[in-house]
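Throughout, protein chains are lettered first and strands after them, A, B, ... in sequence-line order, and every chain is numbered starting at 1.
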There are 2 protein chains.
Amino acid sequence: MTQTPTSDTTRADMRKAQVLKAANECFRRQGFHNTSIVQISKAAGMSVGHIYHYFENKEAIIAGIVEQDLLQILMFCQRIRKGSGGGDLIEAIVNDVDYLEQDLNDQNIPLTLEIVAEAARNPNVARIIQDADETARLRFRELLAEALKLRGLELSERDIEGPLEVLLAFFEGFAIRIIRNPGLDPNTCLPALRSVVRHLLEEAVSTAQQAAA
Amino acid sequence: MTQTPTSDTTRADMRKAQVLKAANECFRRQGFHNTSIVQISKAAGMSVGHIYHYFENKEAIIAGIVEQDLLQILMFCQRIRKGSGGGDLIEAIVNDVDYLEQDLNDQNIPLTLEIVAEAARNPNVARIIQDADETARLRFRELLAEALKLRGLELSERDIEGPLEVLLAFFEGFAIRIIRNPGLDPNTCLPALRSVVRHLLEEAVSTAQQAAA
DNA sequence: CATTCTAGATAGAACGTTCATTCTAAACTA
DNA sequence: TAGTTTAGAATGAACGTTCTATCTAGAATG
């Protein structure tokens, strides 16, 4: 249990990353329940024993993958900001729904659903995604607060929470819808979705206006 | 425990039901990946061999459980109709969101999520829940059509589909939200959710009015 | 009515496979 | 040479499924 030198730490980090990358590919294709350590080891080009040298057990690998889930959520924030081009953020959020078709083609949906289902039973996984969601909500609240500020308005955290959760429920919900109804055409939903998101945000705006008065 | 067979329910049917009931309890508690045939056999008070006399394999048992998923969805329709008391259905749909808190306490959420995640990979399970969803959508379209008819309006199937999918995405989405954010307070979301559902339906109404003109 | 017959019902041990994890030893590096 | 890294076989447990044997109900038989 001696402290490893810097060069070795780097090597260990690289190996860990190598395992996680392989695991990610396997999990995405087959889910983590149907992926064996042997498969991961082959995908990573490493031996089974080698993997266990860096990960205590399979669950530790799963945890490593689940942690990456956060990045995916945060990308939505980034996309919206980029879409705003520095202009009105509320309009950018409404426009972001146009990515629905692209989002529903995401190859990660099955894995994402599997992670959530696992979290509903497995406290380890639950803790990870709940922590991630907490920072995700924080980022989204910041985004909404900034969107309002650009219009000279502001809302309390409490008043933002409701609309935000409804917004999030939408997008998560479509991941389920596309499984239950694979014939679903995103373009059919787009007008209604756009309108609903706009309504939600406009309502937040008018609440803020009333609070200011 | 054991019942005597009657004319219309054969002994085999009763045994099958007995297995499915036991499996349902086990699956709800532990998920079907973590439930073994031995556990089901003990819960059913039957031997393993006995179970295999009626079910080809474990997947057949899972299929039997997944088929019950439909009933759960259809209960929403019933609840709305009952809530309308024969009056305006649109108002009844809006009011139905007040059950959110109760719905989010549903002990079946983990199993439901597991079923959807499984369907994303397992074609057998996928077929079952997709068939179920098709009849569920049919029932909901009928409900919406009836709601409009009560106001002397009508909409094409195409125009109903979008709002309906958005509505469904909501409710499915909250099942995920409550896992990701267990601290979520339904009452915080209720005003926003109510408002959004009402907006969605009012928009459908005004679309129908324009179509009539 | 008593007995026999038989197909289905039932039990539980046995089997074979899969898999996560551990163990042992070789290779490498500093 | 000492510690780390790497490989891959060995281990042991869990599990789905099958196999074999016994039992039961009730129809057939005489």
Side-chain angles (χ1 to χ4, degrees), chain A residues 1-27 29-66 114 118 121-122 124-125, chain B residues 1-23 26-27 29-66 114 118 121-122 124-125:
Chain A
M1 288 301 168
T2 36
Q3 200 66 14
T4 44
T6 306
S7 61
D8 283 356
T9 299
T10 299
R11 179 200 304 263
D13 285 343
M14 283 172 56
R15 290 289 185 227
K16 281 188 187 181
Q18 189 177 346
V19 172
L20 287 177
K21 183 166 173 250
N24 206 341
E25 286 160 11
C26 293
F27 289 173
R29 270 205 310 274
Q30 320 176 333
F32 41 75
H33 280 124
N34 289 322
T35 298
S36 71
I37 298 285
V38 170
Q39 282 176 302
I40 296 175
S41 80
K42 281 189 176 139
M46 295 166 62
S47 72
V48 171
H50 199 182
I51 286 181
Y52 273 89
H53 193 257
Y54 294 108
F55 291 89
E56 193 188 344
N57 49 32
K58 189 183 177 182
E59 189 147 336
I61 300 176
I62 293 177
I65 297 300
V66 171
E114 201 178 8
E118 180 76 11
R121 310 232 185 242
N122 181 333
N124 276 332
V125 173
Chain B
M1 199 74 172
T2 24
Q3 284 180 316
T4 47
T6 64
S7 54
D8 50 334
T9 61
T10 110
R11 179 197 307 267
D13 285 341
M14 285 174 48
R15 288 291 183 227
K16 282 188 187 180
Q18 192 176 344
V19 172
L20 288 178
K21 183 167 172 250
C26 293
F27 289 172
R29 270 205 311 274
Q30 320 176 334
F32 40 74
H33 283 306
N34 289 323
T35 298
S36 71
I37 298 286
V38 171
Q39 282 177 301
I40 296 175
S41 81
K42 283 191 176 136
M46 296 167 60
S47 72
V48 171
H50 199 182
I51 287 181
Y52 273 89
H53 193 258
Y54 294 108
F55 291 89
E56 193 189 343
N57 49 33
K58 189 183 176 182
E59 189 147 334
I61 300 176
I62 293 177
I65 297 299
V66 172
E114 201 178 7
E118 180 75 11
R121 310 231 183 243
N122 181 333
N124 277 331
V125 173

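Residues satisfying the side-chain contact (heavy atoms from CB on, under 4.5 Å) test with A:His53, not counting sequence neighbours, are none. The side-chain contact (heavy atoms from CB on, under 4.5 Å) search around B:Ala60 returns B:Phe55, B:Asn57, not counting sequence neighbours. Evaluation of the side-chain contact (heavy atoms from CB on, under 4.5 Å) rule for A:Asn34 yields A:Gln30 as partners, not counting sequence neighbours. Residues that satisfy the salt bridge (Lys or Arg N to Asp or Glu O under 4.0 Å) test with B:Glu118, not counting sequence neighbours, are absent from this structure. Checked against ring-ring contact (aromatic ring centres under 6.0 Å, His included), B:Tyr52 has no partners two or more places apart in sequence or in another chain.
Between A:Lys42 atom NZ and D:dA7 atom P the separation is 13 Å, expressed in whole Å. Atom P of nucleotide C:dG8 and atom CE of B:Met14 are separated by 19 Å, given to the nearest angstrom. Taking atom CD1 of residue B:Ile40 and atom C1' of nucleotide C:dG12, one finds them 17 Å apart after rounding to whole Å. Per the geometry, CD belonging to A:Gln39 stands 7 Å off P belonging to C:dC19, to the nearest Å. In this structure, the NE2 atom of A:His33 is 11 Å from the P atom of C:dA20, given to the nearest Å. Atom NZ of A:Lys16 is separated from atom C1' of D:dT5 by 14 Å (rounded to the nearest Å). Distance, A:Arg15 CZ to D:dT5 P: 10 Å, rounded to whole Å. When the P atom of D:dG8 is taken as reference, atom CD1 of A:Ile51 falls 12 Å away, rounded to whole Å.
Sequence neighbours left out, the pairs with a member in residues 14-26 of chain A that pass side chain to side chain donor-acceptor pair (under 3.5 Å) are A:Arg15-A:Gln18, A:Asn24-A:Gln68.
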Listing time: all N or O pairs from protein to nucleotides 26-29 of chain C that are below 3.5 Å?
none

Output one line per pair: protein atom, nucleotide atom from nucleotides 21-23 of chain C, and distance, for all N/O pairs under 3.5 Å.
{"residue": "C:dT21", "atom": "OP2", "partner": "A:Tyr52", "partner atom": "OH", "Å": "2.5"}
{"residue": "C:dT21", "atom": "OP2", "partner": "A:Lys58", "partner atom": "N", "Å": "2.8"}
{"residue": "C:dT21", "atom": "O5'", "partner": "A:Tyr52", "partner atom": "OH", "Å": "3.4"}

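When the side-chain nitrogen and oxygen atoms of B:His50 are compared with OP1 and OP2 of C:dA11, one or more of them lie within a distance under 4.0 Å. The shortest distance between the side-chain N/O atoms of B:His53 and the OP1/OP2 oxygens of C:dA9 is below 4.0 Å.
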Ignoring hydrogens and angles, write down the donor-acceptor pairs under 3.5 Å from the side chains of residues 41-51 of chain A, residues two or more places apart or on other chains.
{"residue": "A:Ser41", "atom": "OG", "partner": "A:Val38", "partner atom": "O", "Å": "2.7"}
{"residue": "A:Ser47", "atom": "OG", "partner": "A:His50", "partner atom": "N", "Å": "3.1"}

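The C1' atoms of five pairs define one axis at each end of the helix from C:dC1-D:dG30 to C:dA30-D:dT1, and these two axes lie 10° apart (to 10°).
Rounding to the nearest 0.5 angstrom, the gap separating the NE2 atom in A:His33 from the CD atom in B:Glu114 is 7.5 Å. Atom CG of B:Asn124 sits about 10.0 Å away from atom CD1 of B:Ile62, to the nearest 0.5 Å.
Contacts of A:Thr35 with the nucleic acid, taken as non-hydrogen atoms under 4.0 Å apart, involve only primed sugar atoms and P, OP1 or OP2. A:Tyr54 comes within contact range of the sugar-phosphate backbone alone, with a heavy-atom separation under 4.0 Å but no base atom that close.
In this structure, A:Ile37 and A:Ile61 have side chains that are in contact, with non-hydrogen atoms separated by less than 4.5 Å.
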